[in-house]
Amino acid sequence: MSFNIAIDGPAGAGKSTIAKMAAKKLGFIYVDTGAMYRALALYFMRCGIDVSSETGIAGALKNVSVTIAYEDGRQQVILNEENVTDLIRTEAVGNMASATSIYPAVRTKLLSLQREMAANHDVIMDGRDIGTNILPDADVKIYLTATSRERAKRRALELKQKGIACDIDAIEKDINERDERDKNREIAPLKQAEDAIYLDTSDMGIEAVVEKIMAIVKEKQ
Ligand code: DC
């Protein structure tokens, strides 16, 4: 039986950084489910599909395949045989992923891929509905969050380090809009699972959060 760790939480809470580090320490596979929604979003953007057209989106899904591969332990996202891992990291793609992940057809398309990965490997999987919907029986569930200001600050620092100018208020507004949409959609909204451990990282460093998660996992292993 594989060991599954589910990490959910809002945009910019540090889920991927922390999950990647913990996966390395544990020798688990890190599965970034947001990247799968982003790959589909990139496809919809390239096709020029109207976000509000559920039938357009559902129709487009017939021609699209998203698969996951690993290169030196790094998750690679393959969209119709093209490696789009780096292309999907923009804010525009993230917002499109949030807007299109509300549709049942989009979620259904990715559900079995996510469950199959967890059934076949020890995984740390992050997203919005992993503990509540994708892996309700996960061995460990964490709900990772931080204040929207703190999350905006971290994002701004990341952009600054890449030499990209940004406005922290605009980033915070964007984060809040995305959270609202992800929390209030009808299907599989972002929500803390009843049996998830709540971790507010606003005043915690990355190492401390990883150590905390390692301690939680060790107790269950
Ligand atoms: O984690 P992220 O920023 O890469 O995710 C992009 C969007 O994808 C997010 O705003 C909502 C959607 N998503 C989702 O609906 N369910 C998931 N398990 C992961 C992401």
Side-chain angles (χ1 to χ4, degrees), residues 4-20 23 29-45 49 51 54 57-58 61 64 66 68 74-79 84-118 123-136 138 141-146 148 150-152 154-156 158-159 171-193 196 201:
N4 294 163
I5 304 171
I7 303 192
D8 292 300
K15 297 185 297 295
S16 66
T17 308
I18 280 148
K20 254 184 233 166
I29 285 179
Y30 164 57
V31 184
D32 172 0
T33 63
M36 301 175 188
Y37 288 94
R38 284 173 183 258
L40 289 181
L42 178 66
Y43 181 76
F44 301 140
M45 284 164 87
I49 291 171
V51 183
E54 186 169 358
I57 299 259
L61 283 172
V64 66
V66 173
I68 297 297
R74 254 193 87 215
Q75 177 179 295
Q76 307 291 312
V77 188
I78 317 296
L79 171 68
V84 294
T85 309
D86 295 326
L87 294 176
I88 56 177
R89 300 313 330 165
T90 65
E91 291 306 301
V93 174
N95 285 329
M96 183 69 165
S98 174
T100 51
S101 63
I102 64 168
Y103 297 122
V106 171
R107 305 205 72 80
T108 305
K109 176 104 188 167
L110 299 175
L111 185 130
S112 47
L113 172 61
Q114 294 168 7
R115 284 196 180 147
E116 254 167 49
M117 293 189 79
V123 296
I124 299 196
M125 186 175 284
D126 80 0
R128 302 294 187 286
D129 63 335
I130 310 304
T132 51
N133 183 47
I134 301 294
L135 306 176
K141 296 182 187 177
I142 312 275
Y143 188 84
L144 200 72
T145 188
S148 60
E150 183 56 35
R151 290 185 279 135
R154 292 176 189 169
R155 182 76 188 121
E158 238 174 65
L159 291 170
I171 295 177
E172 189 177 5
K173 184 170 169 277
D174 204 59
I175 278 180
N176 281 327
E177 278 172 13
R178 182 114 74 94
D179 290 353
E180 276 307 296
R181 202 186 301 123
D182 294 347
K183 283 178 180 168
N184 293 308
R185 66 176 174 229
E186 259 173 58
I187 308 161
L190 166 64
K191 191 169 84 181
Q192 182 183 349
T201 69

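Computation of the quantities below employed the complete heavy-atom set of this structure, encompassing side-chain atoms and omitting hydrogens, waters and symmetry-equivalent molecules. Start at 1 with the first residue, then count along the sequence. Ligands are counted one by one from 1 in listed order, and the atoms in each one are counted from 1 as well.
Short contacts between ligand 1 and D129, defined as distances under 4.0 Å to a heavy atom of the residue, involve ligand atoms 16 (N), 17 (C), 18 (N).
With a heavy-atom cut-off of 4.0 Å, S101 touches ligand 1 through its side chain alone. The residue R181 has no part lying near ligand 1, judged by heavy-atom distances below 4.0 Å. In R185, the part holding a heavy atom less than 4.0 Å from any atom of ligand 1 is the side chain. If you look at M36 next to ligand 1, there are no close heavy atoms at all, none under 4.0 Å.
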Salt bridge (Lys or Arg N to Asp or Glu O under 4.0 Å) evaluation trace for R154 with E150: CA-CA 6 Å; R154 292 176 189 169; E150 183 56 35; 3.3 Å; yes

Trace of the side-chain contact (heavy atoms from CB on, under 4.5 Å) decision for L159 with R155: CA-CA 6 Å; L159 291 170; R155 182 76 188 121; 3.8 Å; yes

Worked check of side-chain contact (heavy atoms from CB on, under 4.5 Å) between R151 and D179: CA-CA 12 Å; R151 290 185 279 135; D179 290 353; 2.8 Å; yes

Derivation of the side-chain contact (heavy atoms from CB on, under 4.5 Å) call for D8 and Q192: CA-CA 7 Å; D8 292 300; Q192 182 183 349; over 6 Å; no

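At the shortest separation from atom 10 (O) of ligand 1 among protein heavy atoms lies D182 OD2, 2.8 Å. Given atom 19 (C) of ligand 1, the protein heavy atom at minimum distance is T33 OG1, 3.4 Å. Among all non-hydrogen protein atoms, the one lying nearest atom 4 (O) of ligand 1 is R38 NE, 2.6 Å. Atom 16 (N) of ligand 1 has as its closest protein heavy atom R107 NH2, 3.0 Å. From the protein, the heavy atom lying nearest to atom 6 (C) of ligand 1 is R178 NH1, 3.6 Å. Looking at atom 8 (O) of ligand 1, its nearest protein heavy atom turns out to be Y37 CB, 3.6 Å. Scanning the protein heavy atoms around atom 1 (O) of ligand 1, the nearest turns out to be R128 NH1, 2.9 Å.
N184 CG to I102 CD1: the interatomic distance, rounded to the nearest 0.5 Å, is 11.5 Å.
If you check the side chains of R181 and S98, you find a donor sitting under 3.5 Å from an acceptor.
Put simply, the residue from K141, M125, Q114 that forms a side chain to side chain contact (heavy atoms under 4.5 Å, CB included) with L135 is M125.
A salt bridge is absent between D129 and R185: the closest approach of a Lys/Arg side-chain nitrogen to an acidic carboxylate oxygen does not fall below 4.0 angstrom.
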